[in-house]
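In what follows, a single structure is set out as structure tokens and then discussed.
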Number of protein chains: 4
Amino acid sequence: MEYSFQITYFCTVDKREQIILAAMKLLCEKGVQATPMSAIAKAANTGMGTIYNYFPTKEALINGIYLHIKTAEILVMDTALDETKSLKLRFFHFYTAFVHYYLKYPYSFAFMDQFHSSPVILEETREAGKANFLPVIELLTDGQKQGLIKEMELESLLQFLSGTINTFVRWLQTKPAKQREVLLKQQLRMVWDAIKE
Amino acid sequence: MEYSFQITYFCTVDKREQIILAAMKLLCEKGVQATPMSAIAKAANTGMGTIYNYFPTKEALINGIYLHIKTAEILVMDTALDETKSLKLRFFHFYTAFVHYYLKYPYSFAFMDQFHSSPVILEETREAGKANFLPVIELLTDGQKQGLIKEMELESLLQFLSGTINTFVRWLQTKPAKQREVLLKQQLRMVWDAIKE
Amino acid sequence: MEYSFQITYFCTVDKREQIILAAMKLLCEKGVQATPMSAIAKAANTGMGTIYNYFPTKEALINGIYLHIKTAEILVMDTALDETKSLKLRFFHFYTAFVHYYLKYPYSFAFMDQFHSSPVILEETREAGKANFLPVIELLTDGQKQGLIKEMELESLLQFLSGTINTFVRWLQTKPAKQREVLLKQQLRMVWDAIKE
Amino acid sequence: MEYSFQITYFCTVDKREQIILAAMKLLCEKGVQATPMSAIAKAANTGMGTIYNYFPTKEALINGIYLHIKTAEILVMDTALDETKSLKLRFFHFYTAFVHYYLKYPYSFAFMDQFHSSPVILEETREAGKANFLPVIELLTDGQKQGLIKEMELESLLQFLSGTINTFVRWLQTKPAKQREVLLKQQLRMVWDAIKE
DNA sequence: AATGAATGAGACTTCATTCAT
DNA sequence: GATGAATGAAGTCTCATTCAT
């Protein structure tokens, strides 16, 4: 009885997320053209029409997934930035949190890896996803003011960092879990050396 | 007669590249699902059937483009690595050559950016593209032996470098040409600081 | 209390007609395939399920509208035929009443215009709609007996008349209201000349 | 050999007409919603995609059929109007030709009957179909100038005539062929009496 | 070798209908 | 009785691929 209640609850409340998760998995594994909406419906345990109650088109679904991930990223960063710590430590926390987040949700990472520069993602959607960077921007400008971080264009720094994170995570996924912390330390050293004054 | 020969020559010899270039452009701008073979044929000024004389399927064409780009990359690197120069200079040359190459062929870059982690690219194709890295590997191991470059896993260094290049070029494309050399210098400084001992 | 009663009254008693009127409008303006049941429900201010309490299928709804209009036509004709007047006058009254009725309810007219020969209307429904013609038949046979109307097959006369009415009304709708009475007189003259002995 | 050539000729040249004829038949018999494009393709002996080489949408196909019929009507009328005959005779010839045409092509007639006032037919298409009326207009104005035909708005006359033709043909189709000429004479008498001065 | 009309499998999407609330 | 989210069968349409020219 208890169990059947759980099921009902899950089905009615979280249908949208069910769909997003199922679609994300399939899109990562097979690619856009190889995952028909019917397959997503089956994987999400819904009727095909139900998906269209939440997303008007397949493209809208993909953009929806993009935003879903970007929104989740924000939460990670907010918790990672503890203002009482030293700047270098805060930077390491932030970088580590990001890496851990993507290691924990490999489909989110794989999805972003595949779609971040795909024409399927609308400019509008991309813009909406940029809010996340605000706390990092603050961190970096603080660092520059304190003379700890190189005096260069902020955007340049941001691009550099996000590029290193993506490539690093993709590579880390191929490594056994027990080596990862060591490799992360090496990476942090390289990245910090790169941006520090 | 002369004229008709020219036409024939043009059609038979260059048709494969015509197709690749037209397809690359469309795939970058519209995405896979939004560029039918008929559109590629029209853009390449050929019949649809002609494409199938060179590539057995659409997927094969996409993988063909991938290899076409990877092959061109090799040439860049070979010319960039002049063994008489100092190691740091050779590194700078290599990095600069790569950046310039992608700035010069933005569709090649956009294509790799979009497809490098797409399931459409077969594992087999990916393997074939890895040969390019050999000269860089040599450069980095040399550096490590000479105590100039951090003693860490080679693959780790490679991943780090390719990640920084991709993100950097993507960002550089949004900047006016006259600023680019300055920004490249900043980037080189960051990257070298990151990997140097 | 009063208020809530009103609401209830409105909802239960008139719901069927609400639905018929909303559906008629939409079907005329958009056509069958372009008016989903959901659109009808919205226009009728009901839930989609409510429609199915009154009509088992969409086809049944369309046939229901057909009969609704045919039933209303009867009322018009009954009042138009005052047996104390001369036969010509009675004919004019009947024809005029019909024209006025359709001018007053343009959606009824447009609906019949569109569906009178559509395969969606079942033969059964068509039969049920034919009762209306009885008073007209009587009028015409009377006229033939009195030597006022041409001696020809009754059905032939009926078809002729209904054809002229439909086309005339469709055309009259495009004319400003103030011209209509003059045009109706012209039409009556033509029609009467056509059928009179 | 000869025969097989004929077949080939038929298939390549007339594919568009094949489709129109098959579609017209099905649409008349089943209605729009009950005739899927797949059924039309099967009836026309083509692949479904072939239809879309000639008509971009189902709606365009229906509009195409409308124009196809309207175009055929013109031919009928041109041959029917022999300027050396008396005006009354010319009118009878025109009316008779029209009736015979629709009796000969019952699907053309049934199609027009069902779609002439359907929202599926675009205003644009309707306009294009109006050219046909020119010869008839000429005939009627001639008649008015000669004092043979009632002095009333031309459009009024046209609407009246087309209304009578449609209804008459629809009814005639239910009659055995041998009675038709007699009934046509009755009809001509009624119509002429209606419009003559 | 080059072509592109023809093809039909299969994609996306709609919508009549149901049923739990 | 009223509702509308959920459903999936079935529709329209696309497009990779073929093959006769």
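Note that the structure is predicted; figures quoted are calculated from it, not measured.
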Report summary line: Among the nucleotides F/dT7, E/dA6, E/dC12, whichever has the atom closest to the side chain of A/T50 is F/dT7

Query - Under 3.5 Å donor-acceptor, B/K70 side chain and B/T125 backbone - result: no

Report task. Check the distance between F/dC15's C1' and D/N53's CG and give it to me in whole angstrom. Result -> 11 Å

Requested in this report: Could you please spell out the steps behind the side-chain contact (heavy atoms from CB on, under 4.5 Å) verdict for D/M112 and D/Y66?
Outcome: CA-CA 7 Å; D/M112 293 308 294; D/Y66 183 94; 3.3 Å; yes

Query raised in the report: Are side-chain heavy atoms of C/N63 and C/E124 found at a separation under 4.5 Å?
Result: no

Query - Distance in angstrom units between A/I19 CD1 and F/dG8 P, rounded - result: 13 Å

**Report entry** d(OH, C/Y54; P, F/dG1) in whole Å
**Finding:** 8 Å

Report summary line: To the nearest angstrom, the CG-P distance between C/N45 and F/dA2 comes to 13 Å

Query raised in the report: Expressed in angstrom and rounded to an integer, what is the separation of A/K42 atom NZ from E/dA11 atom C1'?
Result: 15 Å

Report task. Evaluate the side-chain proximity of B/F115 to B/I65: yes if any heavy-atom separation is below 4.5 Å, no if none is. Result -> no

**Report entry** Rounded distance (Å) that lies between atom P of F/dT3 and atom CE of C/M37
**Finding:** 14 Å

Requested in this report: Starting at atom CD of A/Q33, determine the distance to atom C1' of F/dT17, rounded to an integer number of angstrom.
Outcome: 15 Å

Requested in this report: Assign each of B/G49 and D/Y52 to its nearest nucleotide of DNA chain F by heavy atoms, then name whichever residue's nucleotide is nearer the 5' end.
Outcome: D/Y52

**Report entry** Distance, rounded to the nearest Å, where D/E59 contributes CD and F/dG11 contributes C1'
**Finding:** 15 Å

Requested in this report: May I ask you to evaluate whether C/K15 reaches the phosphate of F/dT3, defined as a side-chain N or O under 4.0 Å from OP1 or OP2?
Outcome: yes

**Report entry** 5' precedence on DNA chain E between A/V32 and C/P56 (nearest-nucleotide basis)
**Finding:** A/V32

Report task. Name the residue closer to the 5' end of DNA chain E, choosing between B/I51 and C/P36 according to the nucleotide with the nearest heavy atom. Result -> B/I51

Query raised in the report: Closest approach of D/M37 and D/I51, non-hydrogen atoms and distance?
Result: CE-CG2, 3.8 Å

Query raised in the report: According to the Watson-Crick and G-U wobble definitions, with both distances under 3.5 Å, which nucleotide is paired to E/dA5?
Result: F/dT18

Report summary line: When B/K58 and D/T57 are each assigned the nearest nucleotide of DNA chain F, the 5'-most assignment goes to D/T57

Report task. Looking only at side-chain atoms of D/M48, point me to the closest of E/dG10, E/dT17, E/dT7. Result -> E/dG10

Requested in this report: Can you tell me the pairing partner of F/dA9 across any strand shown, Watson-Crick or G-U wobble, with both distances under 3.5 angstrom?
Outcome: E/dT14

